[in-house]
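Since the model is a prediction, treat every value here as computed from it, not as a measurement.
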Amino acid sequence: MATLLFTDIVDSTVTLARVGDTQWRRLLEAHDRVARASVAEGGGRIVKSLGDGVFARFDAVPDAVAAGR
């Protein structure tokens with residue numbers, strides 16, 4: 001049994017249009033850094049990065065919930 005976590009930046013297209021390519025890239029890199037760190041702290045594994053989201057797998061529900069927070 002596994003618990004899956006998917007992150008997504010809400011209204012990413014609107015945000016990209018508002019802030020421009022350079023700032024969007026910085027925001028996306030920050031999101032990815034935080035997501036990777038949270039998943040690693042919770043003992044999970046990133047399965048795939050999906051543009052403005054991350055798909056991760058955990059062995060336990062509480063670890064996935066903590067990483068998502």
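With rounding to the nearest 0.5 angstrom, the CZ atom of Arg26 is 11.5 Å from the CG atom of Asp21. Between the OG1 atom in Thr13 and the CH2 atom in Trp24 there is a gap of 7.5 Å [rounded to 0.5 Å]. Atoms CG and CD1, on Leu27 and Ile9 in that order, are 7.0 Å from each other to the nearest 0.5 Å.
Among all heavy-atom pairs drawn from Phe58 and Gly43, the shortest one is CD2-C, 4.4 Å. Heavy atoms only, all atoms of each residue included: Leu28 and Gly51 are closest at CD1-O, 3.2 Å. Ala67 approaches Leu5 most closely through the heavy-atom pair CB-CD2, 4.2 Å.
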>> As a quick check of understanding, evaluate side-chain contact (heavy atoms from CB on, under 4.5 Å) for Phe55 and Ile46, giving each step before the final call.
In response: CA-CA 6 Å; Phe55 177 54; Ile46 292 182; over 6 Å; no
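Side chains of Val10 and Thr15 form no contact here, defined as non-hydrogen atoms less than 4.5 Å apart. In this structure the side chain of Phe6 never reaches within 4.5 angstrom of the side chain of Val54, judged on heavy atoms. Residues Thr3 and Asp63 are not in side-chain contact: their nearest non-hydrogen atoms beyond the backbone lie 4.5 Å or more apart. Counting heavy atoms from C-beta outward, His31 and Thr7 have side chains that approach closer than 4.5 Å.
Residues satisfying the salt bridge (charged side-chain N to carboxylate O under 4.0 Å, His left out) criterion with Arg57, sequence neighbours excluded, are Asp59.
Cluster annotation: Leu50 and Leu4 are assigned to the same hydrophobic cluster (Ile/Leu/Val/Met/Phe/Trp/Tyr, side-chain heavy-atom contacts under 4.5 Å, transitive).
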